[in-house]
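For reference, the structure is listed below as C-alpha cells.
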Amino acid sequence: PDEMIPCRSVFAGTLIFTGDHTGMAYTFNGMGDRRMIEYQDLKAGMLQQKPSMYKPKFIIEDSDLINDVHWVDIKEVYEKMYDQKDLEKILDLPNPKFREIYTTLPITAKETIITIIATKIENGTFENFNKAKIIDEISGTRFDLKMM
C-alpha cells in the first residue's frame, strides 16, 4: 500500500496531482517528466475517477499494476489512447523517431506493438532488426532470438 509507483506526464505544462490518501502534491514539470506516486494516492484517484487519470494527464508506468484485474478501467483508458492504425504509423517511423515515440507510449500501446511485431516475425513478414533491437532494449523482450 505504501509502494511508490512510477508515472510519467503526458501533459505539456505543469501538472499537480494531489493524492487524496496522503495529501501529497506531486508536481510534473512538462510532458515526459517522471514522478513516483504512492500507490494509495493512485488507487484513491482511480476510485474517485479523477479526470487526470481517466482523461490522462499522466500515465502509470508499472505494467504489473496496469495489468492487475483491479485496474482494468485504467488499462482500458490507456488502450483507447492509440488504435491499430496509430501503432502501425509508429512502426513505420524512421528508427530514431520510433525510439523517441516508443519510449513515451503507455504500457498497453507498447504491449500491442510487441504483439504486432511478434506476429509479423512468426509470419515471416517483419525483418527490421534495428526496430526489434530498440524494443528489446526498452522493453526487455528478446526479438533478437526470434529473428536469427
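Source: prediction; values computed, not measured. As a basis for the values below, the full set of heavy atoms in this structure was taken, side chains included, without hydrogen atoms, waters or symmetry mates. Here, residue 1 is the first one in the sequence, and each next residue gets the next number.
Considering every non-hydrogen atom in both Gly23 and Asp41, the closest pair reads N-OD1, 4.4 Å. Contact between Gln84 and Thr112 at its shortest, heavy atoms only, is OE1-CG2, 4.3 Å. Taking both residues in full, the closest heavy atoms of Phe126 and Lys131 are given as CZ-CB, 4.1 Å, listed atom of the first, atom of the second, then distance. Nearest heavy atoms, Leu91 versus Phe98: CD2-CE1, 3.9 Å. For the pair Asp64 and Asp62, the tightest heavy-atom approach, listed with the atom from each and the gap, is N-OD1, 3.1 Å. Nearest heavy atoms, Thr103 versus Lys110: O-NZ, 3.6 Å.
The line from CD1 of Ile60 to SG of Cys7 is 5.5 Å long, rounded to the nearest 0.5 Å. Atom CD of Gln40 sits about 8.0 Å away from atom CG of Asp2, to the nearest 0.5 Å. Interatomic distance, CD1 of Ile37 versus OG1 of Thr22, reported as 9.5 Å (0.5 Å rounding). Between the CD1 atom of Ile113 and the CD1 atom of Ile90 there is a distance of 5.0 Å, given to the nearest 0.5 Å. Rounding to the nearest 0.5 Å places CZ of Arg34 at 5.5 Å from CZ of Arg8. Residue Leu105 holds its CG atom at 9.5 Å from OG of Ser139, rounded to the nearest 0.5 Å.
Between the side chain of Asp83 and the backbone N or O of Lys85, at least one donor-acceptor pair lies under 3.5 Å. A donor-acceptor pair under 3.5 Å links the side-chain atoms of Tyr26 to the main chain of Glu38, judged by distance alone.
Between Thr27 and Thr14, some side-chain heavy-atom pair lies under the 4.5 Å cut-off. Looking at heavy atoms from C-beta onward, Lys43 lies out of side-chain contact with His70 at the 4.5 angstrom threshold. Looking at Ser9 and Asn29, their side chains never come closer than 4.5 Å, going by heavy atoms from C-beta outward. When side chains are defined from C-beta on, Met81 counts as touching Pro106, because their heavy atoms get closer than 4.5 Å. Annotation: side chain of Met24 is not in contact with side chain of Thr18 (no heavy-atom distance under 4.5 Å). Using a 4.5 Å heavy-atom cutoff, the side chains of Tyr102 and Leu93 are not in contact. Counting heavy atoms from C-beta outward, Asp73 and Val77 have side chains that stay 4.5 Å or more apart.
Leu47 and Val72 fall into different hydrophobic clusters, where Ile, Leu, Val, Met, Phe, Trp and Tyr residues are linked whenever their side-chain heavy atoms come under 4.5 Å apart, directly or through other members. Linking Ile, Leu, Val, Met, Phe, Trp and Tyr whenever their side-chain heavy atoms come within less than 4.5 Å leaves Met31 and Met53 in two separate clusters.
Judged by distance alone, the side chains of Asp136 and Thr141 do bring a donor and an acceptor atom under 3.5 Å apart. Side-chain contact, Asn67 with Glu111: a donor N or O sits under 3.5 Å from an acceptor N or O.
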Dump the intermediate steps for salt bridge (Lys or Arg N to Asp or Glu O under 4.0 Å) on Arg35 and Asp33, then the final yes or no.
CA-CA 7 Å; Arg35 293 286 174 256; Asp33 192 23; 3.1 Å; yes
Candidate pair Ile5 and Met36, rule side-chain contact (heavy atoms from CB on, under 4.5 Å), full reasoning
CA-CA 5 Å; Ile5 307 297; Met36 300 296 279; over 6 Å; no
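Under the 4.0 Å criterion applied to side-chain N and carboxylate O atoms, Lys120 and Glu88 are assigned as salt-bridge partners.
More than 12 heavy atoms of other shown residues, nucleotides or ligands fall within 6.0 angstrom of atom NZ in Lys50. Residue Glu3 places its CD atom among 12 or fewer non-hydrogen atoms of other residues, nucleotides or ligands, all under 6.0 Å distant.
A cation-pi arrangement is absent between Lys133 and Phe143, since the terminal nitrogen or guanidinium carbon is not both under 6.0 Å from the aromatic centre and inside a 45° cone about the axis. Cation-pi geometry between Lys57 and Phe28 is not met: the NZ or CZ atom fails to fall both under 6.0 Å from the ring centre and inside 45° of the normal.
When the options Tyr78, Phe11, Phe17 are evaluated for a ring-ring contact (aromatic ring centres under 6.0 Å, His included) with Phe58, the one that passes is Phe17. Remark: of the listed residues Thr108, Ile74, Val10, Val10 is the sole one forming a side chain to side chain contact (heavy atoms under 4.5 Å, CB included) with Ile59.
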